[in-house]
4 protein chains.
Amino acid sequence: MSEHRRGPARSEVARVAILEATARQFATRGYDHLTMEGIAADAKVGKQTIYRWWSSKGALVADCLIEGLLLPDDLNPPDTGDLRADLTDWLGSILAIAQHPGGEALMRSLISAAAENEDVGRRLHESLGASSSLIVRLQAGVDAGQLPAGAPLTEIGEALVGAVILRAISRVPAEEATTARLVQAVLPAG
Amino acid sequence: MSEHRRGPARSEVARVAILEATARQFATRGYDHLTMEGIAADAKVGKQTIYRWWSSKGALVADCLIEGLLLPDDLNPPDTGDLRADLTDWLGSILAIAQHPGGEALMRSLISAAAENEDVGRRLHESLGASSSLIVRLQAGVDAGQLPAGAPLTEIGEALVGAVILRAISRVPAEEATTARLVQAVLPAG
Amino acid sequence: MSEHRRGPARSEVARVAILEATARQFATRGYDHLTMEGIAADAKVGKQTIYRWWSSKGALVADCLIEGLLLPDDLNPPDTGDLRADLTDWLGSILAIAQHPGGEALMRSLISAAAENEDVGRRLHESLGASSSLIVRLQAGVDAGQLPAGAPLTEIGEALVGAVILRAISRVPAEEATTARLVQAVLPAG
Amino acid sequence: MSEHRRGPARSEVARVAILEATARQFATRGYDHLTMEGIAADAKVGKQTIYRWWSSKGALVADCLIEGLLLPDDLNPPDTGDLRADLTDWLGSILAIAQHPGGEALMRSLISAAAENEDVGRRLHESLGASSSLIVRLQAGVDAGQLPAGAPLTEIGEALVGAVILRAISRVPAEEATTARLVQAVLPAG
DNA sequence: AAATAAACGAGACGGTACGTCCCGTCTTAGA
DNA sequence: TCTAAGACGGGACGTACCGTCTCGTTTATTT
């Protein structure tokens, strides 16, 4: 009753090696300058083995995103009960990541990958976007009465994340006060 | 008293032909898939003439931005006295541009170019960003009492533009109500 | 027990197409004006396939020489028993080849190739030089008593071939009597 | 009554600088790898100044030959009365020049230049060939009874020079006995 | 067990584009 | 009008990768 045609099954070892090599190369070189040959060599894998399972380097990067090989996991905003402070903290930690060398390049590489490749774009949206812990935190703020009931949570989230992205591609260094002012832009009542 | 070192001056004809060819190719093919050879052929120019004056295709695109060959000029928000309505209109017109085929691709190409190339990033920031007509409009809103005096105008602008960028790279289609909700996110008082 | 390292073997079709294209281009354009791109296009082959197996156009031409794609095979001196007449005939036929249009250019191209490239030089030496049929014919002359026993056969051969080469690069047209006088220079006893 | 059209006359300084630069580059790099731009830079001259007076690098090298900038002057065979010994000496000194590093390359470069360029070929022929001191020496040998009266002097000279050229392009190292055997090939009676 | 077939590593293949070098012509300013 | 300087359109260089296509080997599933 097996679905399995005949011959060996897909090699998990190869799959993991390829994704890890992709993440390594992505972090090292950036999205442009990623090469299939470089990934294959790094993963010690034939090129065909990559092309057999992924259609492009975009798909490869998108899979890396899903597996959490590209982004740190702990980007969730804290919940101390003070929405304003929590958002400010959260923005601060993101900008801190973007600040240290490599982090900024990785961020821009991700943006570039997303802009060029549909899969990456959608994955990034899922990771950073709508259903994310940021929305959850904002909803908690609504529940706590720190935001009005009908507040456009999705759009507030987009505005915050979008501002970070804009800073990344503009190479504007984030200053100390920036996070607070950004939070104030979407939570003016304070 | 000429600063001119000796020998023929730079050819203005070639300069313009190259920038126009770049803009043409950029709109046609996008930032990735731009090729120096394609630009040179389109501009009927030797490759060396490009490399003599620009160090990379990023620099080329950045110059096109400066010359206004890539973006329409009329992205300024209107000023009818009603800040909320004006911002909504403005966002709507930007999203309309991004919506029609080609516009979306051009937008993502610009984002990709900015993410990969420092010059393009800075130019884009100057065009879309801080000193722009958007800030001017927001300041007018402050003057009219539609925004509080200490409002973080720069960050509000970044939030709006950033949200648009995020939508572009996420491939989230903008719905009718989106613009209004986005304005509400940064102008909640209404 | 295969020596085969793994992966596809070298394509014989490509190898032959490249050598034939080289010979064609060599005859058409001469050694200078040979271009790798021209050969690749003529052979319908990627440039890298040439560079994978040959290090320079000199090496390519040398291989063509080995395969006999550049020189006619029938440059052997006849053996009628009369050494003097045979050498005169042989020189005459070589100069005839060099005379007709294209032949002269091909000859000079070969000389140029040999002068610039070590491989070609050695190959040419092997083809025209020491171990050749010319020496064999001279040795037969020794056996027949038409040359003294200790005659410096190699040097006699070099003198004859060298004189032909000198004429080729000097563009001195060969006259009727030249061959006879040249033979007389190295076989004076007659 | 002046033939001189108007404006400054041709600059002798530039002419000499160009020829000397050509000779320098020729010795350094060889005929191939000679570049007009390199010569112009070396001579501190505009490229146009070269093209105004010479049609090609071949013509340039030919002029260098005429001016004696490429070959040593003292290639004349000695005349001690002993033709055989004198020729052997002369060949030996030529092969010695060809032997030491640089000399061999220069020789092959000259051959290459002659093969590719008609002017150089003719100049070389005039320098090394027919009317040269070698023929004069051979004629003296005839007068002294060391060669028969009707001996084909031109062809004997060609055979000797040709053999040297053949050795140069074949990369056959000249051994001690070679010169003697070569002389024997054209002066067998001894 | 033997036959079959897919996945694998390796890498050759026809191509496109790269960034550089040099060509021969043309343009400028100065002598 | 010649010169030094050098920009120009163009052609070829040798290299890096692309995505496809063999190879021979390894592994798993039928017969």
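Here is the naming used below: chain letters follow the sequence lines, and residue numbers restart at 1 for every chain.
- Among residues two or more places apart in sequence or in another chain, the side chain to side chain donor-acceptor pair (under 3.5 Å) test is passed with B:E67 by B:R15.
- Rounded to whole Å, the distance from CG on A:L60 to P on F:dC17 is 16 Å.
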Close N/O contacts between protein and nucleotides 6-9 of chain F (under 3.5 Å):
from: F:dA7; atom 1: OP1; to: B:R5; atom 2: NH2; distance (Å): 3.4
from: F:dC8; atom 1: OP1; to: B:S11; atom 2: N; distance (Å): 2.8
from: F:dC8; atom 1: OP2; to: B:R52; atom 2: NE; distance (Å): 3.2
from: F:dC8; atom 1: OP2; to: B:W53; atom 2: NE1; distance (Å): 2.7
from: F:dG9; atom 1: OP2; to: B:T49; atom 2: OG1; distance (Å): 2.9

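- Contacts with DNA chain E (heavy atom under 4.0 Å) in residues 111-123 of chain D: none are found.
- The salt bridge (charged side-chain N to carboxylate O under 4.0 Å, His left out) contacts involving residues 106-119 of chain A comprise A:E104-A:R108, A:E118-A:R122, where partners must be two or more places apart or lie in separate chains.
- By the side-chain contact (heavy atoms from CB on, under 4.5 Å) test, D:A21 is found to be paired with D:R24, D:I39, D:D42, D:A43, residues two or more places apart in sequence or in another chain being considered.
- Of all heavy-atom pairs spanning D:G30 and D:S109, the tightest one is CA-OG, 2.9 Å.
- When the side-chain contact (heavy atoms from CB on, under 4.5 Å) test is applied to B:S56, the partners found at least two apart in sequence or on another chain are B:A59, B:N117.
- The side-chain contact (heavy atoms from CB on, under 4.5 Å) check on C:S11 picks up C:V13, C:A14, with sequence neighbours excluded.
- Here E:dA17 presents its P atom at 12 Å from CD1 of B:I39, a figure rounded to the nearest Å.
- Side chain of B:R171 to main chain of A:A114: a donor-acceptor pair is present (N/O by atom type, distance under 3.5 Å, no hydrogens or angles).
- For residues 28-37 of chain C, every residue pair satisfying the salt bridge (charged side-chain N to carboxylate O under 4.0 Å, His left out) rule, not counting sequence neighbours, is listed here: C:E37-C:K47.
- Annotation: proximity of residues 17-36 of chain C to DNA chain E (heavy atom, distance under 4.0 Å) is found for no residue.
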Q: Applying side-chain contact (heavy atoms from CB on, under 4.5 Å), run through C:W54 and C:I18 and close with a yes or a no.
A: CA-CA 10 Å; C:W54 291 275; C:I18 290 165; 3.7 Å; yes

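- Each of C:Y51 and A:G38 has a nearest nucleotide on DNA chain F; the 5'-most of these lies closest to C:Y51.
- Within the structure, salt bridge (charged side-chain N to carboxylate O under 4.0 Å, His left out) pairs that include any residue of residues 48-57 of chain A do not occur (at least two apart or interchain).
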